[in-house]
K.L.:
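Sending over a structure as structure tokens; questions will come in a sec.
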Amino acid sequence: MAEVVVESTGDDVRFSKIAPFSLKDTLMCGQAFRWQSTGNDVCAYTGVVRGKVLRVRQEGECLILEGPTNEDSVAMTRDYFALDVDLGEIERRLREIDPALGTAIDFAPGIRLLRQDPWEAMVTFIISARNSIPLIRRSVELLAEKYGDPIPEGRNGDACEAYFAFPSPEMLAGADIEGLLQCRTGFKAPYISEAAERIASGEFDLAGVGDLEYAEAKSRLMEFRGIGNKVADCILLFAFGFYGAFPIDVWVTRIMRYFFFDSKKVPLRVISEFAHEKFGDLAGYA
DNA sequence: GCCCAGGTGAAGT
DNA sequence: ACTTCACATGGG
């Protein structure tokens, strides 16, 4: 556990003692899809988290939550960025595991794993299958605009942009396939619809997945159509904090083959087993 | 036109 | 268990 320091600076709240930290890489590495760069010159981003608009920026090694803030938004930020996780210690442990990880950390240090909303992550990563990151971002944004509640900004000055909460399972359960298709969800539209209905009806307890063991949690998620190995691991890693999850996409496949399998073709199952054995409970960070 | 993009489900060996 | 193919959609 790291000892995060939280202090007010005018309207803003500053989180310090969280080094190593890169806000840009944390938000733009592809684990989250609703953040926009809003700083002209400085590192600043605006995003929607759990139905609230959050504005954050990085100063030195510190994370700044821009005001007006309240107890809720401060607690939410701390939780969302998992600031109580000691990333310095994790990066030290990864370096000891393999020199390749040291090279990767030198290239892009300070990438924190976020703790995102499970339902939003579920839909987002269902959409991610056979898709490109810009199009994933667009689909998620379209869903929010079409089905999500508008968020009153409550901030003077820039009332030009509208923000929308990510729609709840209930809201998407009521959507027809045609509407979901208008959000460019393609052949994943029925998967989203089915998932929304199962969760909205109470048949499936999504929040409860966090209380299960990793293997059990993963197989429960994989009962949904549209959720296979990779998407299940993404949800577990980016929403539930299962840091041993190891999502294998095309790029992870390539880099794992390159470093550990002499660039040979290897079944994904073999890569997965290798990663879990070598990286253990830090596989996701690796 | 053709191939690829954060894969997955279904059908066929 | 392993292999093959279709799947919407958009960009290069």
Side-chain angles (χ1 to χ4, degrees), chain A residues 24-35 104 107-108 111-146 166 172 175-198 204 215 217-240 242-259 261 264-276 279 283-286:
Chain A
K24 174 174 184 286
D25 291 339
T26 295
L27 296 180
M28 294 297 140
C29 68
Q31 61 175 323
F33 296 84
R34 295 204 67 194
W35 290 92
F107 179 76
I111 299 180
R112 306 193 67 88
L113 285 171
L114 299 169
R115 190 174 278 274
Q116 301 182 60
D117 174 72
W119 168 242
E120 180 176 333
M122 189 175 202
V123 175
T124 299
F125 288 101
I126 286 175
I127 291 170
S128 77
R130 196 74 193 174
N131 211 340
S132 68
I133 287 176
L135 295 184
I136 298 165
R137 300 179 70 94
R138 189 168 71 133
S139 274
V140 173
E141 214 51 48
L142 286 169
L143 285 172
E145 285 170 24
K146 188 173 174 66
F166 189 81
L172 290 187
D176 53 27
I177 298 295
E178 188 182 322
L180 295 175
L181 280 173
Q182 286 170 3
C183 300
R184 304 306 177 191
T185 49
F187 63 88
K188 280 88 68 167
Y191 301 157
I192 295 169
S193 177
E194 289 169 23
E197 280 168 24
R198 288 186 60 188
F204 188 92
K218 184 168 176 178
S219 48
R220 290 301 309 278
L221 288 178
M222 287 176 65
E223 287 169 12
F224 286 89
R225 285 211 304 159
I227 300 182
N229 260 296
K230 189 268 183 183
V231 170
D233 274 335
C234 283
I235 299 166
L236 293 173
L237 184 60
F238 300 135
F240 287 106
F242 283 88
Y243 298 134
F246 192 73
I248 303 178
D249 63 22
V250 287
W251 298 100
V252 171
T253 303
R254 285 166 192 160
I255 202 71
M256 290 296 285
R257 280 180 189 163
Y258 176 81
F259 275 115
F261 296 95
K264 294 202 177 83
K265 195 158 134 59
V266 195
L268 296 188
R269 198 197 72 255
V270 173
I271 296 178
S272 178
E273 286 166 0
F274 177 88
H276 282 118
F279 306 139
Y285 278 100

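FYI, side chains are in, hydrogens and waters are out, and symmetry mates aren't considered; it's all heavy atoms of this structure. A quick note: this is a predicted structure, and the numbers were derived from the prediction, not measured.
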K.L.:
Would you indicate what C29(A) reaches in the nucleic acid, counting non-hydrogen atoms under 4.0 angstrom: base, sugar-phosphate, or nothing?
P.N.:
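The residue C29(A) makes base contact.
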K.L.:
Check salt bridge (charged side-chain N to carboxylate O under 4.0 Å, His left out) between K265(A) and all other residues, then give those that pass, not counting sequence neighbours.
P.N.:
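Here no residue qualifies.
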K.L.:
Pick base, sugar-phosphate or nothing for F224(A), based on heavy-atom distances below 4.0 Å to the nucleic acid.
P.N.:
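Contact class for F224(A): sugar-phosphate only.
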K.L.:
Who passes side-chain hydrogen bond (donor to acceptor under 3.5 Å, both in side chains) against D25(A), sequence neighbours left out?
P.N.:
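Applying side-chain hydrogen bond (donor to acceptor under 3.5 Å, both in side chains) to D25(A) gives S22(A).
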K.L.:
Base, sugar-phosphate, or nothing: which does I227(A) touch, judged by heavy atoms less than 4.0 Å apart?
P.N.:
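The residue I227(A) makes sugar-phosphate contact but no base contact.
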K.L.:
Any side-chain to backbone donor/acceptor pair from T124(A) onto E120(A)? Under 3.5 Å, distance only.
P.N.:
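Yes: the side chain of T124(A) pairs with the backbone of E120(A).
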K.L.:
For R220(A), check salt bridge (charged side-chain N to carboxylate O under 4.0 Å, His left out) against everything at least two apart and list the hits.
P.N.:
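Scan of R220(A) (salt bridge (charged side-chain N to carboxylate O under 4.0 Å, His left out), adjacent residues dropped) gives E223(A).
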K.L.:
Under 4.0 Å, heavy atoms only, any strand: does R269(A) hit a base, just the sugar-phosphate, or nothing?
P.N.:
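The answer is sugar-phosphate, as R269(A) gets under 4.0 Å only of primed atoms, P, OP1 or OP2.
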K.L.:
Among all residues two or more places apart in sequence or in another chain, which pass the side-chain hydrogen bond (donor to acceptor under 3.5 Å, both in side chains) test with W119(A)?
P.N.:
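Not a single residue meets the side-chain hydrogen bond (donor to acceptor under 3.5 Å, both in side chains) criterion with W119(A).
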K.L.:
Using atom P in both nucleotides, what's the gap between dA8(C) and dA11(B) to the nearest angstrom?
P.N.:
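Straight-line distance between the two P atoms is 15 Å.
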K.L.:
Using the salt bridge (charged side-chain N to carboxylate O under 4.0 Å, His left out) criterion, which residues pair with R34(A)? Sequence neighbours excluded.
P.N.:
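For R34(A), the residues satisfying salt bridge (charged side-chain N to carboxylate O under 4.0 Å, His left out) (neighbours in sequence not counted) are E141(A).
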K.L.:
Collect all protein-nucleotide pairs involving nucleotides 5-12 of chain C in which both atoms are nitrogen or oxygen and the distance is under 3.5 Å.
P.N.:
residue: dA8(C); atom: O4'; partner: F187(A); partner atom: N; Å: 3.2
residue: dG10(C); atom: OP1; partner: R138(A); partner atom: NH2; Å: 3.2
residue: dG10(C); atom: OP1; partner: R184(A); partner atom: NE; Å: 3.0

K.L.:
Where along residues 244-251 of chain A does a heavy atom fall under 4.0 Å from DNA chain B?
P.N.:
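The stretch gives D249(A), V250(A), W251(A) as the residues lying under 4.0 Å from the strand, ordered by number.
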K.L.:
Within this structure, what is the CG-to-C1' distance between N229(A) and dG7(B), rounded to whole angstrom?
P.N.:
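After rounding, the gap between these two atoms is 10 Å.
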K.L.:
May I have all residue pairs that pass salt bridge (charged side-chain N to carboxylate O under 4.0 Å, His left out) and include part of residues 186-198 of chain A, sequence neighbours excluded?
P.N.:
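Listed once each, the pairs are E194(A)-R225(A), R198(A)-E203(A).
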K.L.:
Over 60° means perpendicular and under 30° means parallel, so tell me whether F261(A) and F274(A) are parallel, tilted or perpendicular.
P.N.:
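Rings of F261(A) and F274(A): perpendicular, over 60°.
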K.L.:
Can you list the residues that meet the ring-ring contact (aromatic ring centres under 6.0 Å, His included) rule with Y191(A), with sequence neighbours excluded?
P.N.:
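Result, ring-ring contact (aromatic ring centres under 6.0 Å, His included) vs Y191(A): none returned.
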K.L.:
K218(A): which residues meet the salt bridge (charged side-chain N to carboxylate O under 4.0 Å, His left out) condition with it, sequence neighbours left out?
P.N.:
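In terms of salt bridge (charged side-chain N to carboxylate O under 4.0 Å, His left out), with neighbours along the sequence ignored, K218(A) is linked to D233(A).
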K.L.:
In whole angstrom, what separates K265(A)'s NZ from dC2(C)'s C1'?
P.N.:
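Spelled out: NZ on K265(A) to C1' on dC2(C) is 11 Å.
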K.L.:
Of all residues at least two apart in sequence or in a different chain, which pass the side-chain hydrogen bond (donor to acceptor under 3.5 Å, both in side chains) check with E145(A)?
P.N.:
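Listed in chain order: nothing, the list is empty.
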K.L.:
Using atom names, set out every protein N or O paired with an N or O of nucleotides 11-13 of chain B below 3.5 Å, distance rounded to 0.1 Å.
P.N.:
none

K.L.:
Mind calculating the distance between CD1 (I271(A)) and C1' (dG7(B)) to the nearest angstrom?
P.N.:
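These atoms are roughly 14 Å apart.
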K.L.:
Starting from P on dG9(B), measure out to CD on E223(A) and report it in whole angstrom.
P.N.:
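Rounded to the whole Å, the gap is 12 Å.
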